Amino acid sequence: DVPMPDATLAAIRAVYEANGGRFLELPNRSRYPRAAFFDTAEHLSEPWQITHSVAVAEGLAGMLDRTGTAADFARAALDGK
């Protein structure tokens, strides 16, 4: 329940970028209220899993410089486009 220090986030980002990757930081820093988890601190309940997945999809779409909703991209991926 303690926010991640900025230095820790910067260190994680640096690992990705040092290896040629990109780092997606969500507006909520992938932190969710305790009530969003169903059995442990690692398992989001289904509604929160969906919320997280949509946020990731929208973030990735932005990194890819695409427009449209996350649902549009999910459908395109399923259709092989």
Side-chain angles (χ1 to χ4, degrees):
D1 293 329
V2 177
M4 180 186 305
D6 290 338
T8 302
L9 183 65
I12 294 168
R13 178 189 306 276
V15 170
Y16 281 87
E17 292 175 349
N19 288 284
R22 294 171 72 184
F23 183 80
L24 174 62
E25 181 179 346
L26 299 178
N28 68 350
R29 289 187 159 181
S30 297
R31 294 189 52 85
Y32 297 91
R34 187 172 294 272
F37 298 87
F38 73 90
D39 65 346
T40 70
E42 288 83 29
H43 299 137
L44 286 171
S45 64
E46 186 174 4
W48 285 96
Q49 290 173 22
I50 293 167
T51 297
H52 179 75
S53 294
V54 168
V56 169
E58 290 173 346
L60 292 174
M63 287 178 128
L64 297 172
D65 195 30
R66 296 187 180 179
T67 57
T69 68
D72 293 336
F73 292 112
R75 279 192 284 283
L78 292 172
D79 291 339
K81 297 179 183 174

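Just so we're clear, the structure is a prediction, and the values are computed from it rather than from any experiment.
- Between the CZ atom of Arg29 and the CE atom of Met4 there is a distance of 7.5 Å, given to the nearest 0.5 Å.
- When every heavy atom of Tyr32 is checked against every heavy atom of Phe37, the shortest pair comes out as O-CE1, 3.7 Å.
- Hydrophobic clustering, with ILVMFWY side chains joined whenever heavy atoms are under 4.5 angstrom apart, groups Leu44 together with Val56.
- Electrostatic pairing of Asp6 and Arg13 does not count as a salt bridge here, judged by no charged N lying under 4.0 Å from a carboxylate O.
- Separation of atoms NE2 (His52) and CD (Gln49) is listed at 9.5 Å; rounding is to 0.5 Å.
- Grouping the Ile, Leu, Val, Met, Phe, Trp and Tyr side chains by contacts below 4.5 angstrom, directly or via other members, places Tyr16 apart from Leu26.
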